[in-house]
Amino acid sequence: MASAALGAQVAAAALAPVGSDGFRKGSSLKGNGSLNFRRKPWVGKSLAWEKTQHSRHLNKVFCMSVQQASKSKVAVKPVELENAKEPPLNLYKPKEPYTATIVSVERLVGPKAPGETCHIVIDHGGNVPYWEGQSYGVIPPGENPKKPGSPNTVRLYSIASTRYGDSFDGKTASLCVRRAVYYDPETGKEDPSKKGICSNFLCDSKPGDKVQITGPSGKIMLLPEDDPNATHIMIATGTGVAPYRGYLRRMFMEDVPTFKFGGLAWLFLGVANSDSLLYDEEFTNYLQQYPDNFRYDKALSREQKNKNGGKMYVQDKIEEYSDEIFKLLDGGAHIYFCGLKGMMPGIQDTLKRVAEQRGESWDQKLSQLKKNKQWHVEVY
């Protein structure tokens, strides 16, 4: 489950992603107070801000943005969202989804990124609360092609905002969605008939459009807050960065009365190239403002080389810092993995090799990490 559709296994599993090693980019603030992740002309008309009755709401929604990461922390409301002892689960189910409204759709990546990834803000009116690390289900309009007469199946997306949303008022949720397209391996041409139904619906949405959502769901990626000084090692490929954006905004951007983070958050992000980076400006701001509490390492597979001269993948970055990572894990650090399921074998192989070099059994270590609830995996 992650902002790239988990449920898009229907779409993505059958589809070849637009670049087998590719993934997503960045963010900043427009002069009018709305989020503009790159300030570039390649944002198409379909994603342009519509100057309609939504403009006043958009300005409200985005008057606080990535620039807040370099200022004092932002007040959030309603603080009653902190009162629940257990995370909300499955408030809305596929047979009775909640009808929410699209607030905005913004392209995240630059022109040299393989494929398109969008930041989508959804207004749920405070009726579908969630915690950081949870997912929403989205039911795209239309019939299920495999079951004529039935609605489309639910696709799961990790939520890319805190429980307060990008507007800090508890009424919105954000998704980070990569448009799933399919290229015929023989002709090299795109086949629209095999495109991802839900990701294309979301990326093509306009402000004011209705969207049916379910959930929230998921507990494995919830941010443990019992120790505000804990270490959190976050590993993502592409849109798998979604839940970590929520964590980091809660840690470094929002003034949460009940959670004052004083530990270490360490993000490893694997993408294809610089134009594919997601929320990069937000993360860079945290790095500047909280150098003792945040670390940020990027693996750019098409721009960097690993120690053997091959492409730099996220597992290569992990190996680079393996001694430090293992020491942090021994000290109780939490480690999270989110992104394409194809990332895990390479990462597991790397961790196993490093463990053996240290004279440890990786199988035993992994078992202990799981037992201690330090190991969190959500891949799709």
Polar side-chain atom of [X] near backbone of [Y] as donor-acceptor pair, under 3.5 Å:
X	Y	result
N273	D275	yes
Q134	G218	yes
E132	R163	yes

[X] with [Y]: basic N within carboxylate O range, under 4.0 Å:
X	Y	value
K260	D255	yes
E356	R353	no
D323	R358	yes
E116	R107	yes
K298	D280	yes

- prompt: Under a 4.5 Å side-chain heavy-atom rule over Ile, Leu, Val, Met, Phe, Trp and Tyr, are I233 and L222 clustered together?
  reply: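 Looking at the clustering, L222 is in a separate group from I233.
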message: For the NZ atom on K365, are there more than 12 heavy atoms of other groups (residues, nucleotides or ligands in this structure) within a distance under 6.0 Å?
response: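 For K365, atom NZ is crowded (more than 12 foreign heavy atoms under 6.0 Å).
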Check: F283 ring centre within less than 6.0 Å of Y244 ring centre: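 F283 vs Y244: aromatic centres not under 6.0 Å.
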- prompt: When the aromatic ring centroids of Y296 and W266 are compared, is their separation below 6.0 Å?
  reply: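 Ring-ring flag for Y296/W266: false, centres at least 6.0 Å apart.
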task: Side-chain contact test, heavy atoms from C-beta onward, threshold under 4.5 Å: evaluate it for Y98 versus H124 and give yes or no.
output: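 Y98 vs H124: side chains touch.
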message: Quick one, I122 and V211 - any side-chain contact, counting heavy atoms below 4.5 Å?
response: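 Side chain of I122 against side chain of V211, heavy atoms only: contact under 4.5 Å found.
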task: Classify the angle between the aromatic ring planes of H334 and H232 as parallel (below 30°), tilted (30 to 60°) or perpendicular (above 60°).
output: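 Parallel.
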[X] and [Y]: side chain donor to acceptor below 3.5 Å:
X	Y	value
T350	Y313	no
Y164	D169	no
T172	D166	no
E378	S158	yes
T239	Y157	no
N372	Q368	yes

Option passing side chain to side chain donor-acceptor pair (under 3.5 Å) with Y279 (candidates R249, H119, R245):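 One option only clears the test, and that one is H119.
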- prompt: Among L223, L267, T162, which one satisfies side-chain contact (heavy atoms from CB on, under 4.5 Å) with Y247?
  reply: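 Only match with Y247 under side-chain contact (heavy atoms from CB on, under 4.5 Å): L223.
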query: Once you round to the nearest 0.5 Å, how far does CD1 of I139 lie from CG of N152?
result: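 CG of N152 is found 9.0 Å from CD1 of I139.
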task: Working to the nearest 0.5 Å, report the span between CD of E82 and NZ of K85.
output: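 It is 10.5 Å, given to the nearest 0.5 Å.
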- prompt: Is it true that the NZ or CZ of R295 lies under 6.0 Å from the centre of Y286's six-membered ring and within 45 degrees of the ring axis?
  reply: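 No, a cation-pi geometry is absent between R295 and Y286.
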